[in-house]
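Taking it in order: structure first as structure tokens, then the write-up.
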Amino acid sequence: MSHLFQEIQTTASAIAKEVFGVDIDPSELPLQETRKEFDGDFTMVVFPLTKHKLGSPQQIAETLGIGLIDRLSYLTAFNVIKGFLNLSLSAEYWVNFVADQAQSEAFLSLDHGQGQTVVVEYCSPNTNKPLHLGHLRNIILGYSLTEILRASGYHVVPTCLFNDRGTNISKSMVAWLAVGKEETPADRGVKGDKLVGDYYVAFNDMLKEQAAPLLAQGIDKREADNQTAVMQAVHDMTVKWEQGDPEVVSLWKKMNGWFYEAVQDTFSRMGISFEKFYYESEVYLKGKEAVAEGLEKGVFTQAADGSVEIDLTEDKLDKKTLLRGNGTSLYITQDLAIAADKYAEFEMDKSIYVVGNEQEYHFQVLFKILEKLEKPFANGLYHLSYGMVELPTGKMKSREGTIVEADDLLDEMRSQAKEETSQNLAKVQEMSTEELELLYETLGQGALKYYLVKVDPRKKMLFDPKESIELKGNTGPFIQYSYARIQAVKRKAATMTIPAFHAALALEDHLMEEEKTLSRLLFRYPAVLKEAGDSYNPALLANYAYEVAKEFNRFYQQATILKADAPNTSAFRLMLADFAGRIIEQSLRLLGIGVPSRM
RNA sequence: GCCCUCGUAGUUCAAUGGAUAGAAUAGGAGUUUCCUAAACUCUAGAUCCAAGUUCGAUUCUUGGCGAGGGCACCA
């Protein structure tokens, strides 16, 4: 909590001690921003003190109010409504706050991470098909969490796991061999991930066709699929890959190579990068050490057929197999191995997995096992579980062609931004073609990223294409627009002679309501940043950025910045606007959203 | 069957146990000689139901009802 809040709370606590003779912990006196229908800046809620039998809430509040005004010079007035003690800060306090912090770099970040290391794993695609809408939500959350934690003073290591082997990629490989005719991405002029994904779809068509007669005989779906020639080919392919068959491995490298090149493009376009990649193909045989360790510690048990499992029924979870009878690893065994690898390399204090909520159970089991193995990093594990992205038509299903691909969406958002901008050409006519292209991309991504990050991660969300391309209202471009407006004012101001702000010169006696509200909002920034990091919730920062933009526009509408009555007032307002711009820029930057200087 | 999420204006989202539940959008009415109208102002509209805890419950507890996800020697 801020220094200011601490001071008010400890002072109130001291007053309670002197007047009532009771020890009150400052945290028993919560402070919040005063609701706008009442007078004041901050409100102390004194109801919690009623349990000490000191009198009515009203009386307690009066007593504290009188004492606080007396001792803290920046408090100018108070009023009491029921148990709410509303405190008003002097105009000087706010003016000084703005003057002190408007240019401060330190104000933009925190140090409470104390250099602790946090590993964040996110995105984690399969290499057999392009990134889709669900990945986008994942990426935005993972990226912004990384940046928020960095700004909070942590050393963050972003990592990404590629699920690059097994049945899925084998399906694409089988289809490509069957009908691909040696086609490369360049041949068709599409990105590599798209090409690989198309063969994955082609495979499913083949499978469906071959399974149809079997299904007609009344054979169970899973069984029918397994009996098809194409599915047999997939199993053979996977086995050959595991045996290191040169031809299969070479094909696998080729197709995965196409994927990696393409997905790297998408990463670059979105401005994300990772410090470390993990590949399932490199770890899928690992985990044996973890299994051996567990057996040794008596945490796991081995059955007669050689399979290994752990019984977690006492922890309200089920039994879980960790090693097959044939000695091969499972998904969870790999995760045990990767967790150990991460610690070996980074010695992280915290390890965060950004993965959809359908894997919640998996992570409960994983974390419980690591805890039972008494891993040093076991209590720093966190699954940032986010809800599914749904379309108005329902869930995305690749088989039904309702997948929204990331690249397509990025393109669509950009052209929407372009269309919208061209209606306002007057504003941007002096921009070059390159600058305009960059602007469209910035706005398109701003719209998309903000749309995905503004919702509380753990809730499922609806992606309405119509609404997502909207650029008005509670949207990324609205916030970007507010920033651009501020930059325009600054450009204009540079051509005028506005003196530097002088704290010693009196403004008017009071600040305008809009000036004070905006200042108070900017004051909240460090608390929001901290909360967003502590609760792993970037949405808090997104909603905050929107609030700042909204409040700035209100201020902008109401107050004349450049032609105020007094030059010093202009100077103050300019400084305040610039401060708001810096906070908007920083907030959006932490969310992976860029800001245009004009739009 | 068991476990986990979530139910807030027509719709999409907010609200550390605090005051008269905020925004956006869709609807209605306005604002441009003035720093960017992608803006601003006004208007109408909501806590799934029932008990309980509390000075105070959208928030916590229990029970309903409704939606989604999960409980593989799959990933």
Side-chain angles (χ1 to χ4, degrees), chain A residues 30 32 34-38 43 45 47-48 50-51 56-57 81-84 86 126 163 165-168 280 284 303 305-309 316-318 320-332 334 356-362 364-365 385 387-388 390 392 395 417 420-421 423-424 426-428 443 451 454-456 458-464 466-468 470-475 477-482 484-493 496 527 531 535 539-540 543 546-547 549-550 552-554 556-564 570 573-574 577 598-599:
Chain A
Q32 58 195 24
T34 302
R35 294 180 66 105
K36 64 172 177 288
E37 57 267 36
F38 301 100
T43 297
V45 184
F47 286 109
T50 54
K51 66 176 179 229
S56 73
I81 294 168
K82 293 190 278 183
F84 298 97
N86 299 321
N126 294 332
N163 298 299
R165 63 162 288 277
T167 308
N168 286 334
E280 186 191 334
Y284 86 108
D305 67 352
S307 67
V308 175
E309 68 169 22
K316 290 184 171 180
L317 299 166
D318 291 322
K320 184 78 188 174
T321 301
L322 300 167
L323 202 64
R324 291 192 181 96
N326 66 10
T328 56
S329 300
L330 286 114
Y331 183 51
I332 193 152
Q334 291 173 42
N357 63 8
E358 69 274 11
Q359 296 206 38
E360 227 153 69
Y361 181 76
H362 167 79
Q364 275 181 32
V365 172
S385 165
M388 200 165 297
E390 292 179 356
K395 286 182 65 175
E420 192 77 16
T421 304
Q423 290 172 9
N424 299 304
K427 296 179 188 175
V428 289
L443 295 177
Y451 187 90
K454 73 176 175 182
V455 181
D456 186 331
R458 61 173 195 277
K459 290 188 181 177
K460 69 180 178 203
M461 66 172 291
L462 185 83
F463 186 87
D464 185 342
K466 268 199 243 109
E467 197 190 316
S468 69
E470 194 56 58
L471 308 176
K472 298 174 181 175
N474 187 356
T475 65
F478 166 75
I479 305 172
Q480 291 170 317
Y481 170 73
S482 309
R485 272 184 139 181
I486 293 168
Q487 305 319 304
V489 174
K490 284 168 66 182
R491 279 192 297 273
K492 185 75 180 282
M496 300 167 61
E531 181 64 21
S535 62
L540 297 178
N543 288 316
Y546 172 69
E547 267 189 83
K550 181 90 184 145
F552 169 76
N553 278 304
R554 198 169 289 153
Y556 181 87
Q557 187 78 18
Q558 205 62 33
T560 304
I561 298 173
L562 299 177
K563 294 175 188 165
S570 281
R573 290 179 182 167
L574 190 58
R598 65 184 80 210
M599 63 185 276

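Model, not experiment: these values are computed from the prediction. Lettering follows sequence order; numbering is per chain, from 1.
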With no hydrogens and no angle check, is any side-chain donor or acceptor of [X] less than 3.5 Å from a backbone partner on [Y]?
X	Y	value
A:Tyr451	A:Asp464	yes
A:Thr421	A:Ala417	yes
A:Thr328	A:Arg324	no
A:Lys454	A:Asn474	yes
A:Ser570	A:Ile561	yes

- Show your working on side chain to side chain contact (heavy atoms under 4.5 Å, CB included) between A:Leu330 and A:Thr321 and close with a plain yes or no. CA-CA 8 Å; A:Leu330 286 114; A:Thr321 301; 4.1 Å; yes
- Do the side chain of A:Thr43 and the base of B:A19 come within less than 3.5 angstrom through a donor-acceptor pair of N or O atoms? yes
- Message: Between B:C34 and A:Thr560, counting only base atoms on the nucleotide and side-chain atoms on the residue, is there a donor-acceptor pair under 3.5 Å?
- Response: no
- Starting at CZ of A:Arg573, measure out to CG of A:Leu562 and round the result to the nearest 0.5 Å. 10.5 Å
- Query: To the nearest 0.5 Å, how far apart are CG in A:Asp318 and OH in A:Tyr361?
  - Reply: 4.0 Å
I want to verify a distance call: between [options], whose nearest atom is closest to the [X] side chain?
X	options	result
A:Ile561	B:G70, B:G18, B:C35	B:C35
A:Arg324	B:C40, B:C73, B:A38	B:C73
A:Asn126	B:G68, B:A39, B:A75	B:A75
A:Leu330	B:G68, B:U16, B:A75	B:A75
A:Asp456	B:A37, B:A14, B:A38	B:A14
A:Val489	B:C35, B:A67, B:C4	B:C35
A:Glu467	B:U12, B:A21, B:G68	B:U12
A:Arg485	B:A39, B:U12, B:A19	B:A39
A:Lys492	B:U25, B:C35, B:A19	B:C35
A:Glu358	B:G70, B:C4, B:A19	B:G70

Using a heavy-atom cut-off of under 4.0 Å over every strand shown, decide if [X] touches base, sugar-phosphate, or nothing.
X	value
A:Ala577	nothing
A:Gln334	nothing
A:Thr50	nothing
A:Lys550	sugar-phosphate
A:Pro392	nothing
A:Asn553	sugar-phosphate
A:Thr167	nothing
A:Ser482	nothing
A:Val455	sugar-phosphate
A:Gly166	nothing

Does OP1 or OP2 of [N] have a side-chain N or O of [X] closer than 4.0 Å?
X	N	value
A:Lys466	B:U11	no
A:Arg458	B:C6	yes
A:Lys459	B:G7	yes
A:Lys36	B:A19	no
A:Tyr331	B:A75	no

Provide the Watson-Crick or G-U wobble partner of [N], both distances under 3.5 Å; none if there is no partner.
N	value
B:U8	none
B:G63	B:C49
B:C42	B:G28
B:U16	none
B:A57	none
B:C71	B:G1

What's the [atom1]-[atom2] distance between [X] and [N], to the nearest Å?
X	N	atom1	atom2	value
A:Lys490	B:C35	NZ	P	19 Å
A:Tyr481	B:A37	OH	P	5 Å
A:Met461	B:U5	CE	P	21 Å
A:Tyr361	B:C74	OH	C1'	15 Å
A:Gln557	B:A38	CD	P	12 Å
A:Lys82	B:U54	NZ	P	19 Å
A:Glu470	B:A38	CD	P	13 Å
A:Tyr556	B:A37	OH	C1'	10 Å

Which whole number of Å gives the distance between the [atom1] atom of [N] and that of [M]?
N	M	atom1	value
B:G22	B:A9	P	15 Å
B:U58	B:U8	P	15 Å
B:A26	B:U33	C1'	34 Å
B:A23	B:A44	C1'	16 Å
B:C49	B:U11	C1'	23 Å

- 5′-ward residue of the pair A:Pro30/A:Ala559 relative to RNA chain B: A:Pro30
- RNA chain B: A:Thr475 or A:Leu471, which has the more 5' nearest nucleotide? A:Thr475
Between the base of [N] and the ring of [X] - centre-to-centre under 5.5 Å, planes within under 30° - is that a stack?
X	N	value
A:Tyr546	B:A23	no
A:Phe84	B:A19	yes
A:Phe47	B:G56	no

- Query: Under the 6.0 Å and 45° cation-pi test, does A:Arg485 pair with A:Phe552?
  - Reply: no
- Item | A:Gln364 side chain near A:Lys316 side chain, heavy-atom distance below 4.5 Å | no
